[in-house]
Amino acid sequence: MSEKKPTPESVAQIEFTPSKQGWEDPKTEFKKGTFNWAAIQKSQEYLDLPNPRKWQTTDEDWKLPDNWKQIIFDGLRDRLDRFRSLKLFMDVCVRCGACADKCHFFIGSGDPKNMPVLRAELLRSIYRKEYTLAGKIMGKMAGGRELTVDVIKEWFYYFYQCTECRRCSVFCPYGIDTAEITMIVRELLQLLGLGIDWITTPAANCFRTGNHLGIQPHGFQDSVDFAVDDLQDITGIKVDAPVNKKGAEVLFVVPSADYFGDPHYFGFLGYLALFHEIGLDYTLSAFASEGGNFGLFHSNEMMKRLNSKIYMEAKRLGVKWILGAECGHMWRVLHQYMDTMNGPADFLEVPKSPITGTVFDYAKSTKMVHICEFTADLIKNNKLKLDKSRNNQWNVTFHDSCNPARAMGLLDEPRYVIDNVVNKFHEMPENTIREQTFCCGSGSGIGTDENFEMRMRGGLPRANAVKHVHEKHGVNVLSCICAIDKATLPPLLEFWVPGVEVCGIHELVGNALVMKGEKEDRTDMRNEPFITEESKKDE
Amino acid sequence: MKLFISLILVLILIGIPLIGSNVSGLVYLFGVIIPYIAILTFVIGMSVRVLKWAKIPVPFKITTTCGQQKSLPWINNNNLESPHNTAGVFWRMALEVLFFRSLFRNTRTGLKEGPKIVYGPDKILWAASLAFHWSFLVIFIRHFKIFLQEVPQFIPLLESLDGFMQIGLPILFMTDAALLLGLTVLFLRRIVDPKLRYISLVADYFPLLLIIGIALTGVWMRYFGKVDIISVKQFTLGLFSFQPIIPDGISAIFFAHLFLVSALLIYFPLSKLVHFGGIFLSPTRNMSNNNREVRHINPWNPKVKLHTYEEWEDEFRDVMKAADMPLEKE
């Protein structure tokens with residue numbers, strides 16, 4: 001493998017004008033750095049997935065089952081009858097092109113098949129040919145295409161080149177949501193055993209151990225103990241972080257990266273500090289030790305299988321309600337799917353903050369509250385002693401993670417929290433935040449090393465907006481509330497805008513939180529000393 | 001190529017009645033049979049399409065939220081962009097259907113040296129679409145003047161509003177101009193913008209050209225060709241009272257207009273034009289964002305293989321015991 005590593009200069013050569021040739025030819029070049037490795041057989045088998053086998057994306061022959069065409073047609077027909085969204089989105093697109101330059105992958109690659117309208121046409125053309133009168137009669141002239149092995153490969157390439165961020169659906173006059181189409185095509189590909197490993201193996205791990213890294217219960221306990229020790233080093237306070245504690249009031253669910261990855265971990269320390277300070281009666285669970293749901297990137301059934309653990313565990317532990325940590329796709333599932341799939345959670349109570357008495361009645365059915373909502377309520381009710389100057393090392397901006405923004409509308413809660421814990425904050429340009437926020441480019445299971453170049457391309461619009469506030473206002477940290485963001489934004493920023501770090505909001509909360517009995521020389525969540533008044537003057 | 005095919009198709013569609021209606025005996029076909037078939041196809045076709053969509057379940061509540069959710073009482077919920085109740089959904093849909101709210105958001109993305117990505121507002125698509133759709137509606141309503149024996153009061157009012165600029169004789173209706181302008185813009189952008197040209201199909205050029213054809217034949221009759229309006233009204237009244245007659249003195253251009261309208265009606269339910277009905281059913285727009293407050297039911301909620309706590313503890317009991325973790329079974 002002697003290919004050169006992509007550089008910002010090489011990646012920045014982007015052309016928005018498509019070639020003269022049409023898009024109908026499905027032949028796809030799998031360029032190194034722009035696709036993902038195939039799912040391994042062992043993981044497929046562990047999850048009882050159809051057609052498990054040994055194959056690789058770079059193979060010429062993907063060893064499709066003999067009746068692959070029938071499987072796709074049956075699968076598509078079945079889903080057209082089960083999802084109104086799919087049928088409608090296949091029928092109503094007028095190709096107005098409003099979505100075309102809204103996709104971060106199109107902006108970063110210029111590949112016309114990354115225009116959301118064309119991504120959908122990749123499926124729509126097959127649908128037209130097989131399921132519509134016009135397509136059956138007029139075929140190509142009505143925009144129909146024949147289903148071939150090349151089309152399957154093309155689907156694999158482009159539907160694992162969509163992060164299900166839903167930005168296009170904000171601009172579509174009919175609300176066509178490419179995420180929905182991507183999710184369904186991925187289901188179809190899974191029927192043929194065509195998954196990618198960074199989705200299937202985490203899903204298998206999560207199903208087995210409870211979290212996507214495959215950490216076993218004692219390993220989970222270890223890392224929580226480790227965090228407690230670290231927090232003691234930082235603050236001088238030994239906090240209690242219960243695991244699998246029956247009868248606790250609140251079950252706290254985090255994405256597993258929170259207790260294993262940087263910079264997630266600093267936010268995890270922030271949670272522990274916060275809960276200690278307010279005296280929250282809570283528990284973590286080793287069984288439901290993953291809120292992030294790789295099933296969402298696989299199929300609705302897999303999403304349900306993985307998500308089921310949260311309610312099962314809440315019931316077993318006898319908690320009253322559930323609190324969810326910072327995470328993007330996790331919250332798409334919790335907000336839009338969990339109650340429908342695994343509810344009703346009638347064994348739980350309507351969430352009520354034991355500290356402020358606030359009843360979260362907008363979550364009275366699902367019984368799950370977002371940590372930013374919870375903390376915002378604490379701050380509003382003056383329950384926390386916060387010292388903003390403890391975040392003076394940071395000049396902050398906030399990245400709205402796709403799902404909390406466009407599948408939840410969680411926009412002002414995190415901003416309120418930030419506003420109360422930092423002194424220096426600057427918003428990125430308005431076309432790149434809130435409901436128009438840009439994806440990190442690595443969501444929905446495609447944040448892999450082998451897909452590095454495409455991730456840098458897809459993340460360009462986000463990084464570019466960060467660069468803008470970095471240069472204009474000296475922003476040096478990008479705060480966010482998504483585990484995939486926290487994992488994939490650091491390399492993205494290093495690539496496009498070196499000198500800007502990434503953090504979770506509750507890392508900033510943890511920093512600003514003045515704790516009773518904390519030691520004199522306490523440090524921030526990264527165990528760095530706070531910037532004193534003197535060093536501030538030097539600035 | 002796709003554009004060329006579409007153009008030829010529309011020219012053929014204009015040519016057929018121009019020639020055909022002059023052939024004696026075929027007038028009845030163009031004036032009566034085809035229009036009836038067309039109306040029937042449109043009504044039945046659209047009903048079938050909408051009913052088919054409506055019959056398919058909506059398994060999940062997948063609202064696209066474009067504004068602040070309803071959460072804590074002191075945080076302002078944007079009930080139009082992230083509606084939490086039926087009233088909010090109603091107004092969101094009204095804005096979408098009547099004023100194309102989402103298109104109004106449209107931006108243009110550009111790439112400068114650096115690379116630096118820049119965004120600018122782009123209201124052209126929105127303006128052209130709005131001009132086209134609203135003009136089309138007003139023109140359709142104005143046509144009731146010749147569909148109905150007793151012309152309702154509001155139609156002359158609408159006409160005087162539409163022609164208030166008092167340009168030309170007969171007075172120019174603004175909607176005629178706006179319709180053609182809107183259509184022209186929508187058509188030109190498909191040709192001028194390379195991205196649009198790339199994604200456009202015959203199914204995109206054809207309806208635009210067809211409607212341009214309808215508009216031009218209509219404009220010709222009103223402003224230049226001067227059809228015998230009395231005979232035309234006699235004819236349409238007959239058609240709508242199911243006692244079709246074809247008076248003398250109706251020119252071929254009228255039959256061309258009528259034939260293109262018929263073609264549009266037949267084409268409508270078979271094509272992307274069904275967005276006219278589909279927009280009302282779009283699940284990302286017509287559902288409220290109150291997912292955590294009210295449980296949404298999936299009628300086919302699948303039975304799936306789960307991994308229970310008991311199975312999990314069975315597998316990991318020893319290591320959990322060694323780590324002093326609480327267990328259900330010792």
Side-chain angles (χ1 to χ4, degrees), chain A residues 12 14 17-18 82 84-85 87-88 91-92 94-95 97-98 100-101 107 112 117-118 133-134 141 143 166 169-171 173-175 177 207 216-218 221 244 287 301 304-305 308 312 316 335-337 339-340 343-344 362-366 373 377 406 408-412 431 435 461 464, chain B residues 53 56 58 60-62 64-72 75 82 100 102-103 105-107 109 111 115 117 119 125 194-196 198-199 201-204 270 272 274-275 278-279 281-285 289 291-296 298 300 302 304 306-307 309 312 316 319-320 323 325-326:
Chain A
I14 303 162
T17 305
R82 277 193 291 138
R84 184 186 295 168
S85 53
K87 174 85 173 138
L88 201 74
D91 287 337
V92 299
V94 299
R95 286 164 297 278
D101 57 0
I107 296 172
V117 47
L118 262 195
L133 192 61
M141 224 176 63
R166 312 181 93 206
S169 88
V170 169
F171 294 90
Y174 314 117
D177 180 10
F207 193 65
Q216 298 191 4
H218 57 304
Q221 181 70 58
N244 289 11
F287 174 64
E301 288 87 358
K304 181 176 177 178
R305 289 170 75 181
S308 63
M312 283 199 276
R316 185 184 74 86
H335 184 73
Q336 294 199 321
Y337 294 101
D339 202 1
T340 298
Y362 58 90
K364 68 180 176 202
S365 179
T366 303
E373 298 162 352
D377 174 62
R406 285 184 286 259
M408 234 184 135
L410 185 93
L411 304 171
D412 288 332
N431 292 113
E435 75 278 2
N464 217 243
Chain B
W53 288 326
I56 306 172
V58 181
F60 306 111
K61 201 187 239 181
I62 54 167
T64 301
T65 55
C66 301
Q68 172 61 38
Q69 67 169 348
K70 177 179 177 276
S71 61
L72 299 162
I75 290 179
S82 185
F100 306 172
S102 294
L103 268 191
R105 257 190 279 267
N106 198 22
T107 55
T109 310
L111 193 68
I117 300 169
Y119 312 91
L125 173 59
K195 295 196 298 292
L196 263 292
Y198 194 77
I199 60 175
L201 303 172
V202 174
D204 299 313
L270 301 173
K272 69 170 191 178
V274 293
H275 67 261
I279 181 160
L281 293 172
S282 181
T284 61
R285 291 290 186 274
N289 178 34
N291 294 55
R292 280 184 286 160
E293 192 178 351
V294 182
R295 181 169 182 244
H296 179 78
N298 174 3
W300 50 262
V304 292
L306 303 179
H307 192 194
Y309 177 84
W312 179 81
F316 297 112
V319 290
M320 286 174 74
M325 297 175 73

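Each chain gets a letter, A, B and so on, in the order the sequences are listed, and its residues count up from 1.
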Can you name the nearest heavy-atom pair linking [X] to [Y], along with the distance?
{"X": "A:Met408", "Y": "B:Thr65", "answer": "N-OG1, 3.2 Å"}
{"X": "A:Val92", "Y": "B:His275", "answer": "O-CB, 3.5 Å"}
{"X": "B:Asn291", "Y": "A:Asp339", "answer": "O-OD2, 4.3 Å"}
{"X": "A:Lys304", "Y": "B:Pro302", "answer": "NZ-O, 2.6 Å"}
{"X": "A:Pro217", "Y": "B:Met320", "answer": "CB-CG, 3.5 Å"}
{"X": "A:Pro173", "Y": "B:Ser102", "answer": "CA-CB, 4.0 Å"}

Chain A contact via [X] - which portion, at a heavy-atom distance below 4.5 Å:
{"X": "B:Arg105", "result": "both"}
{"X": "B:Trp53", "result": "both"}
{"X": "B:Ile62", "result": "both"}
{"X": "B:Leu125", "result": "side chain"}
{"X": "B:Val274", "result": "both"}
{"X": "B:Phe100", "result": "neither"}

Exercise for the section: Mind running side chain to side chain contact (heavy atoms under 4.5 Å, CB included) on B:Ile56 and A:Arg82 for me, showing each step along the way? Expected result: CA-CA 6 Å; B:Ile56 306 172; A:Arg82 277 193 291 138; 5.8 Å; no
Top contributor to chain B contacts, counting heavy-atom pairs under 4.5 Å, from [options]:
{"options": "A:Ala12, A:Ala363, A:Gly97", "value": "A:Ala363"}
{"options": "A:Asp91, A:Leu411, A:Val117", "value": "A:Asp91"}
{"options": "A:Phe171, A:Phe207, A:Phe287, A:Tyr174", "value": "A:Phe287"}
{"options": "A:Val94, A:Thr17, A:Leu410", "value": "A:Val94"}
{"options": "A:Met141, A:Gln221, A:Glu373", "value": "A:Glu373"}
{"options": "A:Leu133, A:Val170, A:Leu118, A:Asn244", "value": "A:Val170"}

How about [X] and [Y]: do any of their side-chain heavy atoms sit closer than 4.5 Å?
{"X": "B:Asn289", "Y": "A:His335", "result": "yes"}
{"X": "B:Val294", "Y": "A:Ser365", "result": "no"}
{"X": "B:Lys61", "Y": "A:Thr340", "result": "no"}
{"X": "A:Leu88", "Y": "B:Ser282", "result": "yes"}

Problem - Worked check of side-chain hydrogen bond (donor to acceptor under 3.5 Å, both in side chains) between A:Ser169 and B:Thr64 - result: CA-CA 7 Å; A:Ser169 88; B:Thr64 301; 2.9 Å; yes
Exercise for the section: Output yes when a side-chain donor or acceptor of A:Asp412 lies under 3.5 Å from a complementary backbone atom of B:Ile75, and no otherwise. Expected result: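 Here the side-chain-to-backbone pair does not exist.
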Practice task
Report the option among B:Asn106, B:Ile279, B:Leu270, B:Val202 that has the most heavy-atom pairs separated by less than 4.5 Å from atoms of chain A.
Solution key: B:Asn106
